[in-house]
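Below is one structure; the comments refer to it alone.
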Amino acid sequence: MTFAPSLHQWFLANQRDLPWRHTRDPYRIWLSEIMLQQTRVTAVIPYYERFLARFPDFPSLAAAPESDLLAAWAGLGYYSRARNLQRAAQQMLALGRFPSTYDEIRALPGVGDYTAGAVSSIAFGLPHIGIDGNILRVIARYTADSGDISQKPTRLRISAFAESHLPADSPGIYQQALMELGATICTPQSPKCLLCPLASSCAARRDGLTTQLPIKLTNKTTIEETRHLLWFSHNDALLLLQHPPTSPRLAGFWDLPDSSLFPRLPLGPPQAQFSHSIVNHKYELLIHTPRLPRRRLPQLHWIPFSRFPELPLSTITKKAIARMQ
DNA sequence: AAGGCGGGGAT
DNA sequence: ATCCCAGCCTT
C-alpha cells in the first residue's frame with residue numbers, strides 16, 4: 001500500500017480517543033486546534049471540556065466578559081490565543097455563521113497556515129492540510145530530507161510532498177493520521193519504527209538516519225532572571241496590578257507587583273514607608289523570560305482574596321500567592 | 001528571518 | 001538542564 005492508504009488504515013485502527021474526535025462542529029474543532037497550538041494533548045483535554053461547558057458556541061464566546069475568558073484560559077499559556085479566539089468569535093457573529101472556506105478561515109485572528117489547513121480538512125473536508133511539528137518530523141524522516149525544518153525551502157518541500165499525497169475523499173483523516181503518527185509512533189526521541197505502517201518505505205529508516213532527522217538548527221538560549229515580587233496584604237485583600245491590554249505578555253492578567261516598579265526599593269528588609277498597617281514581605285522566584293521590560297507604573301488595586309477564583313491569574317502568580325498565604 | 005510568548009512532560 | 005509540544009504575531 002502507498003503512503004496515504006497505509007496511514008488511513010493505521011489511523012482507523014490505532015487512533016486515540018480524543019474529545020474533539022466526537023464532533024463535527026466546526027466551532028469545537030477550531031477551538032481544539034487553537035488550544036493545541038504548542039500545547040500537548042494531555043494538557044488541553046481538561047481545559048477543552050471546561051471551556052466548552054462555559055462557552056458552547058461562538059455567540060456565547062463572543063459575548064463573554066474578557067475577564068471570564070482569560071480566567072478560563074489561565075494556565076494554558078500563550079494568552080494572546082484567548083484574545084484572538086474571542087475576536088474571531090465576534091467576527092463570526094458579525095458574519096452570521098462559521099466561515100467555511102480556507103481563505104475565510106485563514107483570515108481569522110490567531111489562525112495561521114497550520115490551523116487554517118487543519119480546520120479546513122477536519123471540519124469541512126476541504127482538500128487542504130496544515131503542516132505542524134509532527135508532520136514536519138514524519139515527512140522529513142520519510143523522505144530523508146536533511147534540510148533545516150525551520151527554514152522556508154524545507155517547509156515548502158515537505159508541504160508539497162504532503163499535498164501531493166492528499167486523498168480527495170478523506171483529507172481530514174489524512175491530516176489527523178499524519179499528526180497522530182508523529183505524536184505516538186514517529187516521536188522525536190526513540191521512535192517506534194517496529195509499529196510504524198510506513199516503515200517499509202521510510203527513507204530515513206532505510207538509510208539509518210531516523211534519529212538524526214529532522215534537522216533543526218535554531219539554537220535558542222533561555223536566560224533566567226529573578227523577579228522580586230512584592231506582597232502587600234491588608235484586611236484580607238492583596239495589592240495587585242493588571243497587565244495592560246496591549247502588553248506583550250500576560251495582557252489582562254492580574255499579577256503581584258515587582259521591585260522594578262519601585263527602583264529605589266532596597267531589597268531585603270520589610271519596607272516601613274508604605275504603611276504601618278500594610279504587611280510587606282519579599283518574595284522571589286524565577287521566570288523564563290529573557291528580559292523584563294520597563295513600563296510606566298501601572299495602577300495598583302486592593303483585591304480581596306475571595307475574588308481570586310474568578311480572576312485571570314497566571315500559573316506562576318497562583319503559585320507565588322499559594323506560597324505566601 | 002528572527003524573537004517572543006506559558007507551562008508542563010519527557011529524557 | 002534541554003527539548004519540544006496539532007503555531008502565531010510582531011519586528
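These numbers come from a predicted model, not from an experiment.
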Nearest whole Å is fine: how far is [N] [atom2] from [X] [atom1]?
{"X": "A/L217", "N": "C/dC3", "atom1": "CG", "atom2": "C1'", "value": "15 Å"}
{"X": "A/I45", "N": "C/dC5", "atom1": "CD1", "atom2": "C1'", "value": "14 Å"}
{"X": "A/W30", "N": "C/dC8", "atom1": "CH2", "atom2": "C1'", "value": "14 Å"}
{"X": "A/L136", "N": "C/dC5", "atom1": "CG", "atom2": "P", "value": "9 Å"}
{"X": "A/R249", "N": "B/dG3", "atom1": "CZ", "atom2": "P", "value": "19 Å"}
{"X": "A/D148", "N": "B/dA2", "atom1": "CG", "atom2": "C1'", "value": "13 Å"}
{"X": "A/Q37", "N": "B/dG4", "atom1": "CD", "atom2": "C1'", "value": "15 Å"}
{"X": "A/I135", "N": "C/dC5", "atom1": "CD1", "atom2": "C1'", "value": "14 Å"}

Check ion pair [X]-[Y] (N to O, under 4.0 angstrom):
{"X": "A/R21", "Y": "A/E180", "answer": "yes"}
{"X": "A/E33", "Y": "A/R28", "answer": "no"}
{"X": "A/R106", "Y": "A/D113", "answer": "yes"}

### Earlier contact from the 5' end, DNA chain B, for A/Q151 and A/R81
A/Q151

Rounding to an integer number of angstrom, what distance separates [N] and [M] when you compare their [atom1] atoms?
{"N": "C/dC4", "M": "B/dG6", "atom1": "C1'", "result": "13 Å"}
{"N": "C/dC3", "M": "B/dG3", "atom1": "P", "result": "15 Å"}
{"N": "C/dA6", "M": "B/dT11", "atom1": "P", "result": "14 Å"}

I want to verify a distance call: between [options], whose nearest atom is closest to the [X] side chain?
{"X": "A/E33", "options": "C/dC5, C/dA6, C/dC9", "answer": "C/dA6"}
{"X": "A/T115", "options": "B/dA2, C/dG7, C/dC4", "answer": "C/dG7"}
{"X": "A/I316", "options": "B/dG7, B/dA2, C/dA6", "answer": "B/dG7"}
{"X": "A/K216", "options": "B/dA1, C/dA6, C/dC4", "answer": "C/dC4"}
{"X": "A/W20", "options": "B/dC5, C/dA6, B/dG7", "answer": "C/dA6"}

### Message
When you measure only distances, ignoring hydrogens and angles, does the side chain of A/Y114 come within 3.5 Å of the base of C/dG7 through a donor and an acceptor?
### Response
no

What do you reckon, are the aromatic ring centroids of [X] and [Y] less than 6.0 Å apart?
{"X": "A/W73", "Y": "A/Y47", "answer": "no"}
{"X": "A/H301", "Y": "A/W254", "answer": "yes"}
{"X": "A/H165", "Y": "A/F3", "answer": "yes"}

### Message
Heavy-atom count check: over 12 atoms from other residues, nucleotides or ligands less than 6.0 Å from A/E49 CD?
### Response
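Atom CD in A/E49 is crowded, with more than 12 foreign heavy atoms closer than 6.0 Å.
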
### Task
For atom CZ of A/R50, decide whether the heavy atoms of other residues, nucleotides or ligands shown that lie under 6.0 angstrom number more than 12.
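Counting neighbours around CZ of A/R50, more than 12 heavy atoms of other residues, nucleotides or ligands fall under 6.0 Å, so yes.
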
### Message
Tell me whether the side-chain N/O atoms of A/Q38 come closer than 4.0 Å to OP1 or OP2 in C/dG7.
### Response
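So the side chain of A/Q38 is within the cut-off, an N or O lying under 4.0 Å from OP1 or OP2 of C/dG7.
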
### Message
Can you tell me if A/Y78 touches the phosphate of C/dC9, counting only side-chain N or O atoms and a distance under 4.0 Å to OP1 or OP2?
### Response
no

### For the student: nearest non-hydrogen atoms of A/T39 and A/R81, plus distance
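Heavy atoms of A/T39 and A/R81 come nearest at OG1-NH1, 3.2 Å.
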
Between the protein and nucleotides 8-11 of chain B, which nitrogen or oxygen pairs are less than 3.5 angstrom apart?
unit_1: B/dG8; atom_1: OP2; unit_2: A/K319; atom_2: NZ; d: 3.3
unit_1: B/dG8; atom_1: N2; unit_2: A/R40; atom_2: NE; d: 3.4

### Stretch residues 160-181 of chain A: residues that reach within less than 4.0 Å of DNA chain C through a heavy atom
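A/M179, in order of number.
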
### Task
Give every residue pair that meets the ring-ring contact (aromatic ring centres under 6.0 Å, His included) criterion with at least one member in residues 175-206 of chain A, sequence neighbours excluded.
none

Base, sugar-phosphate or nothing for [X]? Non-hydrogen atoms, less than 4.0 Å.
{"X": "A/R137", "value": "sugar-phosphate"}
{"X": "A/R155", "value": "nothing"}
{"X": "A/V111", "value": "sugar-phosphate"}
{"X": "A/L250", "value": "sugar-phosphate"}

#### Entry: From CA spacing to verdict: side chain to side chain donor-acceptor pair (under 3.5 Å), A/D25, A/T23
CA-CA 5 Å; A/D25 181 358; A/T23 183; 5.0 Å; no

